[in-house]
Amino acid sequence: MQSFPSFELIQGNRDSGMVLLADHAKNSLPQEYGTLGLKESVFSRHIAYDIGVEGLTRQLAARLGVPAVMSTFSRLLIDPNRGEDDPTLIMKISDGAIIPGNHPITDAQWQHRLQSYHRPYHDAVEREITAVAEACGRAPLVLSLHSYTPAWKGVPRPWHAAVLWDNDPRAVRPLIERLAADTDLLIGDNEPYDGALKNDTMYRHCMMKGIPHALLEVRQDLIGDDNGISTWAERLAPIFASLNADPALHEYQRFASRTGPYPAG
């Protein structure tokens with residue numbers, strides 16, 4: 001049995017119809033990889049994980065009583081929010097930091113990371129989404145949590161939070177509207193990133209299957225400590241609950257992806 005599990009499942013009421021995901025929740029590495037040749041301090045940076053997201057996911061799952069699936073390994077090992085054919089799946093350089101343990105990398109090691117960490121995480125996500133769908137008898141609502149840096153290459157990011165999406169607006173539009181109802185917040189719509197990414201988590205588990213979903217990013221300086229996490233959990237819990245109460249967000253409907261045609265079959 002593998003000593004380093006690739007995911008953590010937070011138990012919740014599956015018949016609620018909601019699943020939370022956290023692709024980049026933790027900055028841990030299996031012991032065999034050491035620090036990938038990096039200084040320990042690198043693992044406190046955003047390149048290793050999404051700062052604040054683990055705590056936010058735990059609090060939201062507890063407040064809402066819903067299940068959540070979190071990855072347990074640093075994105076520096078392998079990025080669970082990338083498709084298997086994505087060249088950035090295992091990064092050689094991230095935000096100026098060269099990753100010695102990732103370059104050079106053998107095909108055997110690449111496959112080992114896929115089979116031991118990336119695929120088991122996605123298998124867990126798939127199982128949980130299926131279990132929730134079966135328990136509630138309808139399409140589940142899937143909400144994915146991430147965080148981003150307050151500045152990039154010296155340019156400040158003014159958005160307090162952002163909703164990223166491809167081409168399914170069902171959960172996205174009401175989520176943006178409810179967040180933006182707080183006039184103290186500036187909410188990004190596919191800013192600072194575009195949410196259309198072929199074979200990422202939302203594409204694979206939601207877009208291809210017609211499952212309502214949204215990906216929410218919160219700026220890291222706002223959830224960088226316990227007070228910030230609690231503030232955002234208190235803000236988001238009723239918004240997520242109101243989305244989940246909408247019957248229209250529990251129907252299967254597949255939208256074309258902006259990334260191009262879906263794979264055949």
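Keep in mind the model is a prediction, meaning the values are calculated, not measured.
When side chains are defined from C-beta on, Phe4 does not count as touching Ser116, because their heavy atoms never get closer than 4.5 Å. Counting heavy atoms from C-beta outward, Leu89 and Ile78 have side chains that approach closer than 4.5 Å. Between Tyr252 and Ile211, the closest side-chain pair of non-hydrogen atoms falls below 4.5 Å. Asp85 is not listed as a side-chain neighbour of Lys198, based on a closest heavy-atom distance of 4.5 Å or more. Side-chain contact between Asn199 and Asp86 is absent, with no heavy-atom pair separated by less than 4.5 Å. Here the side chains of Leu164 and Met202 are not in contact, with every heavy-atom distance at 4.5 Å or above.
Residue Ser147 is tested with Glu217, Arg219, Gln220 for a side chain to side chain donor-acceptor pair (under 3.5 Å); the sole match is Gln220. Looking at Ile10, Leu20, Val66 one by one, the single match for side-chain contact (heavy atoms from CB on, under 4.5 Å) with Leu60 turns out to be Leu20. Of the options Val142, Leu141, Ile129, a side-chain contact (heavy atoms from CB on, under 4.5 Å) to His213 is made by Val142 and by none of the others.
Remark: Glu8 engages Lys26 in a salt bridge, criterion side-chain N to carboxylate O under 4.0 Å. Under a 4.0 Å N-O distance rule, the pair Arg14/Glu128 qualifies as a salt bridge. Between Arg119 and Glu84, at least one side-chain nitrogen of the basic residue sits less than 4.0 Å from a carboxylate oxygen of the acidic one, meeting the salt-bridge criterion.
Contacts of Ala214 classified as side chain to side chain contact (heavy atoms under 4.5 Å, CB included), with partners at least two apart in sequence or in another chain: Leu143, Val163, Ala171, Val172, Leu175. Taking the side chain to side chain contact (heavy atoms under 4.5 Å, CB included) definition, one finds that His122 meets it with Pro80, His118, Thr201, Arg204, His205, sequence neighbours left out. With sequence neighbours excluded, the residues satisfying side chain to side chain contact (heavy atoms under 4.5 Å, CB included) with Asp79 are His24, Arg75, Asn81, Arg82. For Asp189, the salt bridge (charged side-chain N to carboxylate O under 4.0 Å, His left out) partners two or more places apart in sequence, or in a different chain, are Arg173. Scanning for side chain to side chain donor-acceptor pair (under 3.5 Å) contacts around Arg138 gives an empty result, with sequence neighbours left out. With sequence neighbours left out, the salt bridge (charged side-chain N to carboxylate O under 4.0 Å, His left out) criterion links Arg45 to Asp95.
Under the 4.5 Å side-chain heavy-atom criterion for Ile, Leu, Val, Met, Phe, Trp and Tyr, Val19 and Leu145 are members of distinct hydrophobic clusters.
For Glu234, the CD atom is loosely surrounded, since the number of other residues' heavy atoms within 6.0 Å does not exceed 12. Under a cut-off of 6.0 angstrom, the local environment of CD1 in Ile98 is sparse, with at most 12 non-hydrogen atoms contributed by other residues, nucleotides or ligands. Within a 6.0 Å sphere centred on CG of Asp107, other residues, nucleotides and ligands contribute 12 heavy atoms or fewer.
Summarising the geometry, atom CZ belonging to Phe7 is positioned 13.5 Å from atom OH belonging to Tyr117; distances are rounded to the nearest 0.5 Å.
Between the side chains of Thr35 and Glu40, no donor-acceptor pair is found at a separation under 3.5 Å.
With a 6.0 Å cutoff to the six-membered ring centre and a 45° limit on the axis angle, Arg157 does not count as a cation-pi contact of Trp159.
Taking the six-membered ring for Trp, Tyr49 and Phe43 have ring centres at least 6.0 Å apart.
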